[in-house]
Amino acid sequence: MIAIAVLAAGRGTRMKSDLPKVLHELGGRSLVERVLDSCLEIQPSRRIVIVGYRGELVEKSLACDRQIDTGETSFPPLEFVNQAEQLGTGHAIQQLLPYLVGFTGDLLVLNGDVPLLRPTTIKHLMQVHKENQNAATLLTANLPNPQGYGRVFADSQNVVKQIVEDRDCTAAQKQNHRINAGVYCFNWPKLAEILPHLRADNDQKEYYLTDTVNHLNPVMAVDVEDYHEILGINDRKHLANAYNILQRRVKDEWMTKGVTLIDPESITIDDTVELAIDVIVEPQTHIRGKTAIGTGSRIGPGSLIENSQIGENVTVLYSVITDSVVANGAKIGPYAHLRVHTEVGANCRIGNFVELKKAKLGDRTNAAHLSYLGDATLGEKVNIGAGTITANYDGVNKHQTVIGDRTKTGSNSVLVAPVTLGDDVTVAAGSVVTEDVPNDSLVIARSKQVVKSGWKLKGKDEA
Ligand code: UD1
Ligand code: CA
């Protein structure tokens, strides 16, 4: 049996922020959420988050975000334990004593500010712990620059003797570059026995979880293969660095799987994105959230796609698409904006300076220039003329526009919602359509042109 505890009570003073450190975002997910995700390959029976500084915020943020995450249903719900005063990592784990009375399994402890761990690394740590029947097993790494981290002193068999915090190290001890990642697996009954006896006799006057290794036997260190995984976030520079590491990891993976990235340095892709083979991503393009892009699609340059489903063989050029669905073969842009549950059918063309909001377009419908279509449902093979606008807002409420199959709107027409245009309707250029139009008809809704022949402006010269 395994229980997980995530340390998330600290403020993170070095972030210089009102937001608790663990709620800072890294590529669309908070640090603490990422830490929880790194445990997705083990089957815990309990999941505890220790909160303190603005704990209610951490709790709320995790509660909403995790509910949306459907992959989590097989995991036990998160429990929150309050550490009212933050007196150190050992003090944080002491708070678990009343909650884990009678628990005889292992406790996996993770710092809430170590967001790049791979699930396989955690799994490996747990395996080593089990195979060797250790009292504690901890993740370590050899860092080129170990400044700020606790140093781990172990023998050639990886049996740990001591962990000394950076600020408590002697000059000689600082020469040891093997650091404590802040990820541990403890035999809980053994840990529970010594937790009450921790002392705060160090530079920070805090109760250190790391001091428990002096009283446990055996404690073993497991090195990570790639030290980037265990980098802790203490300030905003660390956060930016972690983002770069994450991006490199994500982009390498997609390129290995058959996606072309043109000028990868200028592209960002969240690790929640799904790309099919032979997708081409052009420079200055950002793909975020729960987005999926089908095979053969070409995205960019200069585009932002967020929480959207893009079909196969779609092209998107200098455009922004959020919370929308685009079917196969559609051509979007340049300079189009699709947002809020827009659905574009197959082989549509959405061109220059066209904005779609809550718009549903049938297959082969085009809006090629200068349009706003909001709260609208369009059939198939509709042609929206340049400058057509749905006037969907009366100043108080939004209204629907419905346009039937094969209907054509002339340039600069305004469709004042609520209004329905049938199939095969033609709207004359410059019309302001305020009433429904039946199938197979022409609507002209503008004042008639008046020409007065022989008319001249009466000027001064004639006076
Ligand atoms: C800690 C380790 C250090 C390790 C490093 C790895 C200790 C004593 N030191 O140092 O050996 O190399 O992490 O990143 O454990 N927290 C609480 N309650 C507290 C104090 C902290 O929940 O009272 C949480 C923080 O919110 C944070 C985590 O514990 O998520 C680590 O705390 P932090 O102060 O960043 O520890 P480090 O000094 O980095
Ligand atoms: Ca830290």
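- In this structure, Glu265 places its CD atom where only 12 or fewer heavy-atom neighbours from other residues, nucleotides or ligands lie under 6.0 Å away.
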Q: List the steps, then state whether salt bridge (charged side-chain N to carboxylate O under 4.0 Å, His left out) holds for Arg47 with Glu79.
A: CA-CA 6 Å; Arg47 295 191 308 162; Glu79 300 168 56; over 6 Å; no
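- Val316 is listed as a side-chain neighbour of Ile321, based on a closest heavy-atom distance under 4.5 Å.
- Atoms CG and OG1, on Asn307 and Thr272 in that order, are 7.5 Å from each other to the nearest 0.5 Å.
- Between the side chain of Thr285 and the backbone N or O of Glu282, at least one donor-acceptor pair lies under 3.5 Å.
- Interatomic distance, Leu356 CG to His337 NE2, rounded to the nearest 0.5 Å: 9.5 Å.
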Q) Are Asp271 and Arg249 close enough, and set up right, to give a salt bridge (charged side-chain N to carboxylate O under 4.0 Å, His left out), and what steps lead you there? A) CA-CA 9 Å; Asp271 58 357; Arg249 191 194 277 182; over 6 Å; no
Q.
Before you tell me yes or no, could you show the steps for Val326 and Gln309 under side-chain contact (heavy atoms from CB on, under 4.5 Å), namely the whole-Å CA-CA distance, both residues' side-chain angles and the distance that decides it to 0.1 Å?
A. CA-CA 6 Å; Val326 177; Gln309 313 303 307; over 6 Å; no
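- At least one donor-acceptor pair closer than 3.5 Å links the side chain of Thr291 to the backbone N or O of Ser308.
- Crowding of His124 atom NE2: a count of heavy atoms from other residues, nucleotides or ligands under 6.0 Å not exceeding 12.
- A heavy-atom distance below 4.5 Å is not found between the side chains of Leu97 and Val101.
- Remark: side-chain polar atoms of Thr390 are paired, donor with acceptor, to backbone N or O of Gly374 under 3.5 angstrom.
- Of all non-hydrogen atoms in Thr295 and Ala276, the two that sit nearest each other are N-CB, 3.3 Å.
- Listed for the Thr89 side chain is a donor-acceptor partner under 3.5 Å among the backbone atoms of Leu209.
- Counting heavy atoms from C-beta on, the side chains of Glu355 and Ser371 never come closer than 4.5 Å.
- Taking all atoms of both residues into account, the shortest heavy-atom contact from Thr212 to Ile194 is O-CD1, 3.5 Å.
- Heavy-atom contacts from other residues, nucleotides or ligands closer than 6.0 Å to CD of Glu193 number 12 or fewer.
- A side-chain donor from one of Asn234 and Lys21 sits under 3.5 Å from a side-chain acceptor of the other.
- Side-chain atoms of Asp18 and Arg11, non-hydrogen and from C-beta on, do get closer than 4.5 Å to each other.
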Q: Apply salt bridge (charged side-chain N to carboxylate O under 4.0 Å, His left out) to the pair Arg178 and Asp223, showing each step before the final yes or no.
A: CA-CA 9 Å; Arg178 193 176 197 179; Asp223 271 324; 3.2 Å; yes
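- Between Tyr208 and Gln204, the side chains place a donor N or O and an acceptor N or O closer than 3.5 Å (distance only, hydrogens not considered).
- Atom NZ of Lys381 has 12 or fewer neighbouring heavy atoms from other residues, nucleotides or ligands inside a 6.0 Å radius.
- When all heavy atoms of Val81 and Ile48 are compared, the pair lying nearest together is CG2-CG2, 3.5 Å.
- For the atom pair CE of Met126 and CD of Glu131, the computed distance is 12.0 Å after rounding to the nearest 0.5 Å.
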Q: Take Arg364 and Glu380 through the test side-chain contact (heavy atoms from CB on, under 4.5 Å) and record every step on the way to the result.
A: CA-CA 6 Å; Arg364 294 187 183 282; Glu380 294 180 4; 5.9 Å; no
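- Between Asn241 atom CG and Leu246 atom CG the span is 11.0 Å, to the nearest 0.5 Å.
- Counting only distance, with no hydrogens or angles, the side chain of Ser45 and the backbone of Ile2 share a donor-acceptor pair below 3.5 Å.
- The neighbour count for Glu225 CD, taken as heavy atoms of other residues, nucleotides or ligands under 6.0 Å away, does not exceed 12.
- A cation-pi arrangement is absent between Lys251 and Trp254, since the terminal nitrogen or guanidinium carbon is not both under 6.0 Å from the aromatic centre and inside a 45° cone about the axis.
- No donor-acceptor pair under 3.5 Å is formed between the side chain of Asn134 and the backbone N or O of Thr137.
- Contact check on Arg199 versus Asp201 returns a salt bridge, with a Lys/Arg side-chain nitrogen under 4.0 Å from an Asp/Glu carboxylate oxygen.
- Looking at every heavy atom in both residues, Tyr149 comes nearest to Leu231 through OH-CA, 3.5 Å.
- For the pair Arg167 and Asp203, the salt-bridge criterion is met [side-chain N within less than 4.0 Å of a carboxylate O].
- The closest donor-acceptor contact from the side chain of Ser266 to the backbone of Pro283 lies at 3.5 Å or more, if one exists at all.
- Here Tyr207 contributes atom OH and Leu198 contributes atom CG; the two are 8.5 Å apart, rounded to the nearest 0.5 Å.
- Pro76 and Arg46 get closest at one heavy-atom pair: CG-N, 4.0 Å.
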Q.
If you apply the rule side-chain hydrogen bond (donor to acceptor under 3.5 Å, both in side chains), what do you find for His91 with Gln86, and how did you get there?
A. CA-CA 7 Å; His91 179 255; Gln86 288 87 55; over 6 Å; no
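- Under a cutoff of 6.0 Å and an axis angle of 45°, Lys398 and Tyr393 form a cation-pi pair.
- In the displayed structure, Lys174 atom NZ is contacted under 6.0 Å by more than 12 heavy atoms of other residues, nucleotides or ligands.
- Contact annotation: the side chain of Val250 never approaches that of Asp252 to less than 4.5 Å [non-hydrogen atoms, C-beta and beyond].
- Asp168 places no side-chain N or O within 3.5 Å of a backbone atom of Asn202 that could act as its donor or acceptor partner.
- At a threshold of 4.5 Å between non-hydrogen side-chain atoms, the residues Val325 and Ile310 do not count as touching.
- Remark: side-chain polar atoms of Arg54 are not paired, donor with acceptor, to backbone N or O of Pro20 under 3.5 angstrom.
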Q | Intermediate values then yes/no, salt bridge (charged side-chain N to carboxylate O under 4.0 Å, His left out), Arg151 and Asp166 | A | CA-CA 7 Å; Arg151 305 300 207 282; Asp166 186 63; 2.7 Å; yes
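- Summarising the local packing, OH of Tyr372 is surrounded by more than 12 heavy atoms from other residues, nucleotides or ligands at distances under 6.0 Å.
- The shortest heavy-atom contact between Pro301 and Leu317 is CD-CD1, 3.5 Å.
- Ion pair Lys290/Glu306 not flagged as a salt bridge, since none of the NZ, NE, NH1 or NH2 atoms sits closer than 4.0 Å to an Asp/Glu carboxylate oxygen.
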Q | Working for side-chain contact (heavy atoms from CB on, under 4.5 Å), residues Val32 and Val6 | A | CA-CA 8 Å; Val32 62; Val6 177; 3.9 Å; yes
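- A donor-acceptor pair is defined here as one N or O able to donate and one able to accept, closer than 3.5 Å; no such pair exists between the side chain of Asn187 and the backbone of Asp106.
- A 6.0 Å sphere centred on CD of Glu56 holds more than 12 heavy atoms belonging to other residues, nucleotides or ligands.
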Q: For the pair Ser297 and Ile280, evaluate side-chain contact (heavy atoms from CB on, under 4.5 Å) and give the outcome as yes or no after the intermediate values.
A: CA-CA 6 Å; Ser297 288; Ile280 300 174; over 6 Å; no
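- Under the side chain to side chain contact (heavy atoms under 4.5 Å, CB included) test applied with Leu117, the options Val35, Leu139, Asn111 reduce to a single match, Leu139.
- Between the CG atom of Leu19 and the CD atom of Glu25 there is a distance of 9.0 Å, given to the nearest 0.5 Å.
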